[in-house]
Colleague: 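One structure coming up, written as structure tokens, with questions to follow.
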Number of protein chains: 2
Amino acid sequence: MMDGHSNNPALDGEEGVARKRLPPAERRQQIVDEAVRFFAEVGLEGNTRELARRLGVTQSLIFNYFGTKEELIEAVYEKVYIGRLSPDWPERLTDRSHPLRDRLIAFYSEYSSLIFEREWMRIFMFSGLAGASLNQRYLEHLGNVILLPLLAETKALARSDRAPKMEDVWNLHGGIVYIGIRQHIYRMPEPSTPQDEIERAIEKYLQYFGIEP
Amino acid sequence: MMDGHSNNPALDGEEGVARKRLPPAERRQQIVDEAVRFFAEVGLEGNTRELARRLGVTQSLIFNYFGTKEELIEAVYEKVYIGRLSPDWPERLTDRSHPLRDRLIAFYSEYSSLIFEREWMRIFMFSGLAGASLNQRYLEHLGNVILLPLLAETKALARSDRAPKMEDVWNLHGGIVYIGIRQHIYRMPEPSTPQDEIERAIEKYLQYFGIEP
DNA sequence: AATACTATTGAGCAGATGATCTTTAAAGGC
DNA sequence: GCCTTTAAAGATCATCTGCTCAATAGTATT
């Protein structure tokens with residue numbers, strides 16, 4: 001040690017921010033917030049020392065708030081997954097006083113604005129690859145609460161010779177989500193008019209089942 | 001040491017396979033093959049000792065064939081990425097002596113059988129998240145060599161009031177690829193008739209541009 | 001201003017991990 | 001059967017990483 005760096009990362013940077021005490025709840029949240037950014041960038045195997053450095057705090061402090069790194073990751077999951085699926089969507093998606101087309105556009109506009117976000121996209125993918133149960137539960141929930149009702153709505157309007165299947169809804173969904181995957185996982189450029197692409201995907205879906213404006 | 005385990009993993013298991021010499025080329029390939037399986041399962045941060053254990057070989061042997069772990073990962077990328085995009089597809093996709101529908105179905109049947117494979121899917125995703133340049137080059141290549149020609153083919157047949165965009169092709173592609181993502185990244189059950197879903201996705205795409213059989 | 005409380009630091013441990021280097025022994029040639 | 005070559009093992013290093021715990025110091029209360 002003593003090689004030009006103090007043990008307190010806050011004292012190393014340009015601005016010499018001295019030790020600062022925060023209310024535990026606030027500090028905890030600060031750690032989780034930064035952990036979301038950090039893990040989204042480098043993956044869940046990112047190490048706690050680097051995370052502490054970014055926080056301007058010692059590594060051991062992290063373990064004052066989380067017993068293990070696994071616990072911290074759980075908190076990150078929680079923070080990121082929570083509120084991503086608004087509970088009033090099932091209702092709005094099945095409100096037949098509006099055209100299905102409008103409901104779909106409203107939903108996917110809102111939903112895409114929530115999920116086409118680097119942190120969410122990447123942590124979702126990292127947790128999926130890691131086999132996190134929260135990930136599986138999320139998708140199950142999405143299927144039951146959003147896509148299944150959507151299938152019912154489609155069935156109610158589809159022309160009689162073409163029976164909608166759950167896989168068709170997944171295909172609509174996947175095609176739209178893939179926009180975000182390309183952008184945030186593969187780091188390809190954002191489409192110039194993502195909103196437009198979503199509407200086209202929906203149009204394509206509805207037209208396939210003979211549901212016209 | 002000496003806690004019941006020899007340093008040679010091959011001697012620990014039930015079958016006492018003794019030290020076995022292989023021609024370097026063969027051993028090297030054996031290591032890469034196992035590394036593909038291993039990294040696909042646990043991610044690129046999987047450690048070399050566990051990999052060696054699975055090979056029934058000492059960890060240091062791996063470094064006889066690869067100077068660094070990074071080098072090994074490059075070899076894994078190479079092995080997995082190579083041959084995934086057959087060079088004759090551009091030609092076949094633009095062969096107007098067959099209906100576009102048939103060409104699309106032929107392409108995506110073949111392509112999906114190549115990529116709907118756990119190892120490819122997961123290593124592709126891991127490498128994408130890691131920002132591997134090979135990943136980016138692959139997608140660029142796919143865009144230029146497959147999707148762009150496909151856009152041209154669609155344009156040639158689309159009804160005049162609906163101009164196909166590159167994003168439409170990406171949407172078709174994404175919707176299909178998402179089948180594999182669901183299955184291999186999120187570990188959701190395989191659709192009962194994936195071939196069928198691909199054909200429906202293509203049908204949907206063509207119909208949107210008024211291209212009928 | 002002194003005191004008590006506790007958020008934060010500083011130091012370090014134990015095990016894991018990539019990598020190196022010397023020693024051993026399998027296999028082909030004589 | 002001995003010799004040479006070299007694939008593979010064995011031992012070990014330096015560093016990294018999650019985690020622990022005693023010492024320190026910021027803040028609120030009196």
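Note on naming: letters A, B, ... go to the chains in the order of the sequence lines (proteins, then strands), and numbering restarts at 1 for each one.
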Colleague: Starting at atom CG of A:L61, determine the distance to atom P of D:dC19, rounded to an integer number of angstrom.
Modeller: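 Computing the A:L61:CG to D:dC19:P distance gives 15 Å.
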
Colleague: Quick one: A:R21 CZ to C:dT8 P, roughly how many Å, whole number?
Modeller: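 To the nearest whole Å, that distance equals 7 Å.
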
Colleague: Measure from the side chain of A:R49, starting at C-beta and using heavy atoms only, and say which of C:dA7, D:dA11, D:dG18 lies closest.
Modeller: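 Nearest nucleotide to the side chain: D:dG18.
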
Colleague: Tell me the interatomic distance from A:K69, atom NZ, to C:dG15, atom C1', rounded to whole angstroms.
Modeller: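 For the pair A:K69 NZ and C:dG15 C1', the rounded distance is 15 Å.
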
Colleague: Whole Å only: how far is the CZ atom of B:F66 from the C1' atom of C:dT20?
Modeller: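 The distance from CZ of B:F66 to C1' of C:dT20 comes to 18 Å, rounded to the nearest Å.
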
Colleague: OP1 or OP2 of D:dA8 versus the side-chain N and O atoms of B:N64: is any pair under 4.0 Å?
Modeller: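 Checking D:dA8 against B:N64, no side-chain N or O comes under 4.0 Å of OP1 or OP2.
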
Colleague: So for A:T68 and D:dG18, does any side-chain atom that can act as donor or acceptor lie under 3.5 Å from a complementary atom in the base?
Modeller: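 No.
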
Colleague: State plainly whether the residues A:D33 and A:K79 are in salt-bridge range, i.e. N to O under 4.0 Å.
Modeller: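 Salt bridge between A:D33 and A:K79, a charged N being under 4.0 Å from a carboxylate O: yes.
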
Colleague: Mind checking A:P23 for me? I need base, sugar-phosphate or nothing, with any heavy atom below 4.0 Å counting as a touch.
Modeller: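 If one applies the 4.0 Å heavy-atom cut-off, A:P23 turns out to touch nothing in the nucleic acid.
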
Colleague: When you compare the side chains of A:Y111 and A:S86, does any donor N or O come within less than 3.5 Å of an acceptor on the partner?
Modeller: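 Distance-only check fails for A:Y111 and A:S86.
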
Colleague: Could you walk me through whether B:R118 and B:H184 pass the side-chain hydrogen bond (donor to acceptor under 3.5 Å, both in side chains) check?
Modeller: CA-CA 5 Å; B:R118 180 142 303 183; B:H184 296 299; 3.2 Å; yes

Colleague: Check the distance between D:dT17's C1' and A:Q59's CD and give it to me in whole angstrom.
Modeller: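 These atoms are roughly 7 Å apart.
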
Colleague: At less than 4.0 Å, is any side-chain N or O atom of A:Y65 found next to OP1 or OP2 of C:dA7? Yes or no.
Modeller: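 Answer no for this pair, as no side-chain N or O of A:Y65 is under 4.0 Å from OP1 or OP2.
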
Colleague: Please name the residue in the list A:L172, A:N171, A:I176 that meets the side chain to side chain contact (heavy atoms under 4.5 Å, CB included) test with A:Y205.
Modeller: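 Option passing the side chain to side chain contact (heavy atoms under 4.5 Å, CB included) with A:Y205: A:L172.
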
Colleague: Which whole-number value in Å describes the distance from A:I62 CD1 to C:dG10 P?
Modeller: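 Checked: the CD1 to P distance equals 15 Å.
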
Colleague: Just N and O in the side chain of B:T48: are any of them under 4.0 Å from OP1 or OP2 of C:dT17?
Modeller: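 Negative; the distance criterion is not met.
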
Colleague: Measure CD/A:Q30 against P/C:dT8 and give the value in whole Å, please.
Modeller: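 Checked: the CD to P distance equals 8 Å.
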
Colleague: Please work out if B:S60 contacts a base, only the sugar-phosphate, or nothing of the nucleic acid, heavy-atom cut-off 4.0 Å.
Modeller: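 The answer is base, as B:S60 lies within the cut-off (heavy atoms under 4.0 Å) of a base atom.
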
Colleague: Can you confirm whether the side chains of B:S127 and B:Y81 place a donor and an acceptor under 3.5 Å from each other?
Modeller: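 Short answer, yes.
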
Colleague: Between D:dT27 atom P and A:L22 atom CG, what is the distance in whole Å?
Modeller: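 Between P of D:dT27 and CG of A:L22: 9 Å.
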
Colleague: Can you tell me whether the side chain of A:R27 and the base of C:dT8 have a donor-acceptor pair closer than 3.5 Å?
Modeller: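 Answer is no: no donor-acceptor pair is held.
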
